[in-house]
Engineer: 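Input: one structure, supplied below.
Every number for a ligand or one of its atoms is a count from 1 in the order of the listing. Residues take their numbers from the sequence shown, with the count starting at 1.
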Amino acid sequence: MKILAINAGSSSLKFQLIEKEQIISSGLFEKIGHDDSFFTINQKQEKQIIKDHQAAVEILIEKLKEKVALTDITAVGHRVVHGGDKYQTAVLINQQVINDIEQLQTLAPLHNPINLLVIKLLSKYFEKMVAVFDTSFHHTIEKPQYIYPVPYQWYQKYQVRKYGFHGISHQYLSQKALELNPNLKKMIICHLGNGSSITAINNQKSVETSMGFTPNAGLMMGTRAGDIDFNIIPYIMEKTNQSLSETINDLNKKSGLLGLSNISNDFRDIPKESLAYQKFVQIIVDYIAKYYVFLNGVDAIIFSGGIGENAHQLRYDVCQKLKILKIKIDQNKNKNHETLIHEISSAIELYVISTNEELLIYSETKKIIERETYERN
Ligand code: ADP
């Protein structure tokens, strides 16, 4: 069964065409809507102005046709950022699901509209499509963890609660870690990329996570502030005369590594001695320590995402600050980016695992399609 896994972001679109866990074709459209947009398909890069997601989808369809007949593709699986309270697993997309994703736009204004647009664009070519939600994996988080200490009616009337995001990646990584060591029960997964989040896992279930009502909560990120005192917002609005949306934009797009360094949101550009680097390391350490206590001990810490997979110095600095937990990192293995980077005597195992959200979108989509075919027959 050939499945097309789609991962659309605000200015990007990733895809993998997969059959029996093997990638037939893969690619990435970047900087969509910008003058310097380009795409890379099957490792070949082409520069081309991609004015919007519709243009990206049209190129994608043409490129796919060079490899396979579209009718050979059984289904398309879409990453959808927000599934709200309702979607605890992946679902076959029908009009009701489309309406719900549309409704949830108010909770994820930066993400769900793009997901929906790409679903609509691809529905012209494919009949069977599945939505795989980034929030679903976190539905096992219990109420004391997901509730905010605000008027309870905000939760009852307006669904104000922690949802958690990056669930597709955290689920994939927890499964991968378990394949590597079937005895792992308690894990802390650090997905550190442009967007970053940390999740506590117990018996393959998410029990706590750093992102919240929106993906701008928890850790500081490339350009996002993460958790701050909310009173800063009206204070800055008054001091600068800027609007609420401008201030929120500063917190989403001009904060984090970029905001503190004034250099870049790209981790590779951030000097190790800078305040931005120090702060980022400390926040990661704070979350790991907090989740270590919450889980009552930890078997493994997993590093992933562009930063987690590549920045050996950051992994080393984080582990050094957690020495009290008897973590021992093996610097040779760490510098070589090996999968296991702890010393044998370490009380906690340390893993570096590449995330692959598209592979999880594929397997979830396959499950739904197989079940649907079985029920229909
Ligand atoms: P996204 O959240 O957009 O999927 P990624 O997971 O690709 O992002 O991570 C992007 C981040 O990873 C950037 O900050 C980038 O600087 C960082 N990164 C990529 N390669 C390296 C590297 N070799 N060393 C350190 N950081 C890296």
Engineer: Below 4.0 Å from any atom of ligand 1, is there a heavy atom belonging to G222?
Structural biologist: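 Under 4.0 Å: no for G222.
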
Engineer: Decide whether D250 and Q242 meet the rule of one side-chain donor and one side-chain acceptor closer than 3.5 Å.
Structural biologist: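 A pair is found: one side chain offers a donor N or O, the other an acceptor, under 3.5 Å apart.
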
Engineer: Name the closest protein heavy atom to atom 14 (O) of ligand 1, giving the residue it belongs to and the distance to 0.1 Å.
Structural biologist: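 Going atom by atom, the protein heavy atom closest to atom 14 (O) of ligand 1 ends up being F267 N, 3.1 Å.
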
Engineer: Could you tell me whether R161 and D85 have a side-chain N and a carboxylate O separated by less than 4.0 Å?
Structural biologist: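 Salt bridge present between R161 and D85.
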
Engineer: From the options E338, K333, R315, select the one residue that forms a side-chain contact (heavy atoms from CB on, under 4.5 Å) with V352.
Structural biologist: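 Checked E338, K333, R315 against V352; only one passes side-chain contact (heavy atoms from CB on, under 4.5 Å): R315.
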
Engineer: May I ask you to list the atoms of ligand 1 that are less than 4.0 angstrom from any heavy atom of G195?
Structural biologist: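 In order of numbering, the contacting atoms are 2 (O).
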
Engineer: Is the ring pair H82/Y163 parallel, tilted or perpendicular, if the boundaries are 30 and 60 degrees?
Structural biologist: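 Perpendicular, since the angle between the ring planes exceeds 60°.
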
Engineer: If I take atom CD1 from residue I284 and atom CD1 from residue I307, how far apart are they, to the nearest 0.5 angstrom?
Structural biologist: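 The CD1 atom of I307 is 7.5 Å from CD1 of I284, to the nearest 0.5 Å.
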
Engineer: Starting from atom 4 (O) of ligand 1, find the nearest protein heavy-atom neighbour and note its residue, name and distance.
Structural biologist: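 Ranked first by proximity to atom 4 (O) of ligand 1 is K14 NZ, 4.3 Å.
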
Engineer: Which residue owns the protein heavy atom closest to atom 11 (C) of ligand 1, what's the atom, and how far is it?
Structural biologist: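 For this ligand atom, the closest protein heavy atom is I307 CG1, 3.8 Å.
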
Engineer: What protein heavy atom lies closest to atom 16 (O) of ligand 1? Include the residue and the distance to one decimal.
Structural biologist: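 Ranked first by proximity to atom 16 (O) of ligand 1 is D266 OD1, 2.3 Å.
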
Engineer: Which of parallel (below 30°), tilted (30 to 60°) and perpendicular (above 60°) describes Y291 and Y287?
Structural biologist: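 It falls in the perpendicular class, over 60°.
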
Engineer: Give the residue and atom name of whichever protein heavy atom lies nearest to atom 5 (P) of ligand 1, and the separation in Å to one decimal.
Structural biologist: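 It is G306 N, 3.7 Å.
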
Engineer: Less than 6.0 angstrom from the centroid, inside 45 degrees of the normal: does K47 satisfy that with respect to the ring of F38?
Structural biologist: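 Judged by the rule (NZ or CZ under 6.0 Å from the ring centre, within 45° of its axis), K47 counts as positioned above F38.
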
Engineer: Going by the side-chain contact (heavy atoms from CB on, under 4.5 Å) test, name the single residue among I93, I6, V118 that passes it with V76.
Structural biologist: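 The side-chain contact (heavy atoms from CB on, under 4.5 Å) with V76 is passed solely by I6 among I93, I6, V118.
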
Engineer: May I ask you to list the atoms of ligand 1 that are less than 4.0 angstrom from any heavy atom of N310?
Structural biologist: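 Once the distances to N310 are compared, the set is 19 (C), 20 (N), 21 (C), 22 (C), 23 (N), 24 (N).
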
Engineer: In the protein, what heavy atom is nearest to atom 25 (C) of ligand 1, and what distance, to one decimal place, separates them?
Structural biologist: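 Here the closest protein heavy atom is R268 CG, 3.7 Å.
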
Engineer: Within a distance under 4.0 Å of any heavy atom of G305, pick out the atoms of ligand 1 and give their elements.
Structural biologist: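 Those qualifying, in numeric order: 6 (O).
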
Engineer: Would you say N194 has any N or O atom under 3.5 Å from an N or O of ligand 1, going by distance alone?
Structural biologist: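 Yes, there is a polar N/O contact under 3.5 Å.
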
